[in-house]
J.: 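Before we start, here is the structure in question, set down as C-alpha cells.
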Amino acid sequence: MPSSNATTDASKPAAAAGGVQSLERAFDLLERMADAGGEVGLSELSASSGLPLPTIHRLMRTLVACGYVRQQTNRRYSLGPRLIRLGESASRLLGTWARPYLARLVEETGETANMALLDGDEIVYVAQVPSKHSMRMFTEVGRRVLPHSTGVGKALLAHTEPDEVRALLARTGMPAATEKTITTPEGFLEALEHVRRVGYAVDDSEQEVGVRCLAVSVPDSPTAAAISISGPAGRVTEAATDRIVPILQEVAKDLSVVLTNNGNGNNGQG
C-alpha cells in the first residue's frame with residue numbers, strides 16, 4: 001500500500017559519516033518500489049525521490065544485474081525474486097527479536113502472545129509464546145489467515161485508506177469462520193474506525209468460537225506488524241481487557257524501539 005510518509009531525496013539528511021550514498025539511494029528506491037505496489041516506471045521514481053533520471057537509471061541497471069529488480073517488457077521495473085530469500089530470512093529474525101517481548105506479554109497477562117505481519121492480502125503469524133495455562137490458544141507460526149476475521153488484521157489495516165481496504169476485501173472475499181465473523185465491507189470499515197478510536201482491536205469469537213483476542217499495531221515498525229494476546233473468552237473478559245490493553249500498548253512501543261534501532265537488534269531484552 002502507498003506509504004503515507006514517503007519523502008523526497010532532498011528532504012533526507014546527508015549520508016551518515018562513512019556511509020555509501022549509492023547504497024543508500026538504491027535501498028531507498030527499493031522501498032519506494034515496495035510502497036508503490038512492487039512495480040514502477042523511472043519517471044515515477046524520479047518524481048518521488050527527487051533524483052535525476054540518469055542516476056536512477058544507473059542504480060536500477062545495477063539492481064537488475066544483481067537480480068533484485070526486473071525490467072518488464074513494458075519497460076517498467078518490478079521487485080526481483082532474489083528479494084524473496086532476504087525477506088523470508090528477515091521475517092524469521094523479526095520473530096526471533098520479538099520473542100522476548102511476547103514472553104513478557106505472557107508473563108504479565110497470562111495469555112498466549114502472538115506477532116503477525118501483513119503479507120500481501122493475508123495475515124501471517126511470525127512468532128508466538130504460549131500461555132502457561134492448561135487451557136491455552138495455539139497458532140502455528142507461519143499460519144496465514146484473512147484480515148477481516150482477526151484482531152491483528154484489524155490492527156494492521158486500521159490506518160489504511162478505505163478504498164484500499166475495500167479493494168483488499170474484494171480480492172480475498174469475507175468468508176465466515178464463525179457466526180460472529182464480520183462479512184461485509186461496511187461492517188469491517190466500522191470495526192477499523194473503532195480501532196482508531198480506542199487504540200486497540202478485538203476479535204471476539206470471530207476466528208474461532210470461544211476465543212477472544214486483543215491486538216495493537218507496532219508503531220513505526222519497518223514492516224507493518226501487530227502483536228496480540230489470545231485466550232478463552234471466559235478469561236479475556238471486558239474487565240481483563242482494561243488491564244491488558246495498556247500492557248499490550250507498552251510492549252508494542254518497546255518492541256518498536258528494537259525493530260527501528262539500526263545499530264542493535266537486542267535492546268537489552270535478552
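Heavy atoms only: backbone and side chains are in, while hydrogens, waters and symmetry mates are out. The first residue of the sequence shown is numbered 1, and numbering continues consecutively from there.
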J.: If you define the side chain from C-beta out and look only at heavy atoms, does anything of V165 sit under 4.5 Å from F188?
T.: yes
J.: For R76, is there an ion pair with E44 - N to carboxylate O distance below 4.0 angstrom?
T.: yes
J.: Below 4.5 Å, heavy atoms only, C-beta onward: do V216 and I227 meet side chain to side chain?
T.: yes
J.: When rounded to the nearest 0.5 angstrom, what distance separates CD in E250 from CG in L105?
T.: 10.0 Å
J.: To the nearest 0.5 Å, what is the distance between OG1 (T150) and CD (E208)?
T.: 13.0 Å
J.: Let me know which of K180, E206, Q207, K154 forms a side chain to side chain donor-acceptor pair (under 3.5 Å) with S149.
T.: Q207
J.: Give, for atom OH of Y77 and atom NE2 of H57, the distance between the pair rounded to the nearest 0.5 Å.
T.: 4.5 Å
J.: Please answer whether the main-chain N or O of C66 pairs with a side-chain N or O of R82 as donor and acceptor at a distance below 3.5 Å.
T.: yes
J.: Is the shortest heavy-atom distance from the side chain of M60 to the side chain of M33 under 4.5 Å?
T.: yes
J.: Where the side chain of S46 meets the backbone of P52, is there a donor-acceptor pair that is under 3.5 Å apart?
T.: no
J.: Taking all heavy atoms of A155 and all of A226, pick out the closest pair and write down the distance.
T.: CB-CB, 4.2 Å
J.: Quick check for you: to the nearest 0.5 Å, what is the distance between L118 atom CG and L168 atom CG?
T.: 7.0 Å
J.: I'd like to know if the side chain of R212 and the backbone of V236 have a donor-acceptor N/O pair within less than 3.5 Å.
T.: yes
J.: Examine L53 and L63 and state if one hydrophobic cluster contains both, with Ile, Leu, Val, Met, Phe, Trp and Tyr joined whenever side-chain heavy atoms are less than 4.5 Å apart.
T.: yes
J.: Check for a donor-acceptor pair, side chain of T237 on one end and backbone N or O of A240 on the other, with a separation under 3.5 Å.
T.: yes
J.: Considering only heavy atoms from C-beta outward, does the side chain of H148 approach that of P175 to under 4.5 Å?
T.: yes
J.: Looking only at atom types and distance, does a side-chain atom of R32 sit under 3.5 Å from a main-chain N or O of S48, one as donor and one as acceptor?
T.: yes
J.: Is any side-chain heavy atom of T223 closer than 4.5 Å to a side-chain heavy atom of L259?
T.: no
J.: Could you go step by step and tell me if Y125 and V145 meet the side chain to side chain contact (heavy atoms under 4.5 Å, CB included) rule?
T.: CA-CA 9 Å; Y125 289 92; V145 295; 3.9 Å; yes
J.: Would you mind reporting whether E111 and C213 have side-chain heavy atoms less than 4.5 Å apart?
T.: no
J.: Measure across A177 and T181 and return the closest heavy-atom pair with its distance rounded to 0.1 Å.
T.: N-OG1, 3.0 Å
J.: Look up atom CG in D203 and atom OG in S230, then write down how far apart they are to the nearest 0.5 Å.
T.: 9.0 Å
J.: Please find the pair of heavy atoms, one from L192 and one from L157, that lie closest to each other, and give the distance.
T.: CD1-O, 3.5 Å
J.: Are V198 and V251 connected in the hydrophobic side-chain network, where two residues link if heavy atoms are under 4.5 Å apart?
T.: yes
J.: Quick one: does S256's side chain have a donor or acceptor within less than 3.5 Å of a partner on P219's backbone?
T.: yes
J.: List the steps and the verdict of side chain to side chain contact (heavy atoms under 4.5 Å, CB included) for E161 and R166.
T.: CA-CA 9 Å; E161 291 295 324; R166 289 181 184 277; over 6 Å; no
J.: Side chain to side chain contact (heavy atoms under 4.5 Å, CB included), that's the test. Do V202 and L214 meet it? Break it down for me.
T.: CA-CA 5 Å; V202 180; L214 307 172; 3.9 Å; yes
J.: Do T241 and Y200 come within less than 4.5 Å of each other through their side chains, counting heavy atoms only?
T.: yes
J.: Determine the sole option in E190, R197, R196 for which the side chain to side chain contact (heavy atoms under 4.5 Å, CB included) test with H194 is passed.
T.: R197
J.: Using the rule that two of Ile, Leu, Val, Met, Phe, Trp, Tyr join whenever any of their side-chain heavy atoms come within less than 4.5 Å, decide whether L23 and L79 are in one cluster.
T.: yes
J.: Checking L156 against I123 for the side chain to side chain contact (heavy atoms under 4.5 Å, CB included) test, could you report, in this order, the C-alpha distance in whole Å, the side-chain angles of both residues, the deciding distance, and whether it holds?
T.: CA-CA 9 Å; L156 286 166; I123 301 299; 3.5 Å; yes
J.: Does one hydrophobic cluster hold both L117 and L146, with members joined at side-chain heavy-atom distances below 4.5 Å?
T.: no
J.: Spell out, yes or no, whether L51 and Y68 are grouped together once hydrophobic residues are joined by side-chain heavy atoms under 4.5 Å, including indirect joins.
T.: yes
J.: So which atom in A215 and which in V152 form the shortest heavy-atom distance, rounded to 0.1 Å?
T.: CB-N, 3.7 Å
J.: Which heavy atom in A103 sits nearest to a heavy atom in V129, and how many Å separate them?
T.: N-CG2, 3.8 Å
J.: Please say whether more than 12 non-hydrogen atoms of neighbouring residues, nucleotides or ligands are located less than 6.0 Å from CG in D163.
T.: no
J.: With a 4.5 Å limit on heavy-atom distance, are the side chains of V106 and P130 in contact?
T.: no
J.: For atom CD of E179, is the number of surrounding heavy atoms from other residues, nucleotides or ligands below 6.0 Å larger than 12?
T.: no
J.: In Å, rounded to the nearest 0.5 Å, how long is the span from CG of D28 to CG of L59?
T.: 10.0 Å
J.: Are E39 and R70 ion-paired here, with the side-chain N under 4.0 Å from a carboxylate O?
T.: no
J.: Restricting to non-hydrogen atoms, name the atom on V195 and the atom on A158 that form the minimum distance, rounded to 0.1 Å.
T.: CG1-CB, 3.7 Å
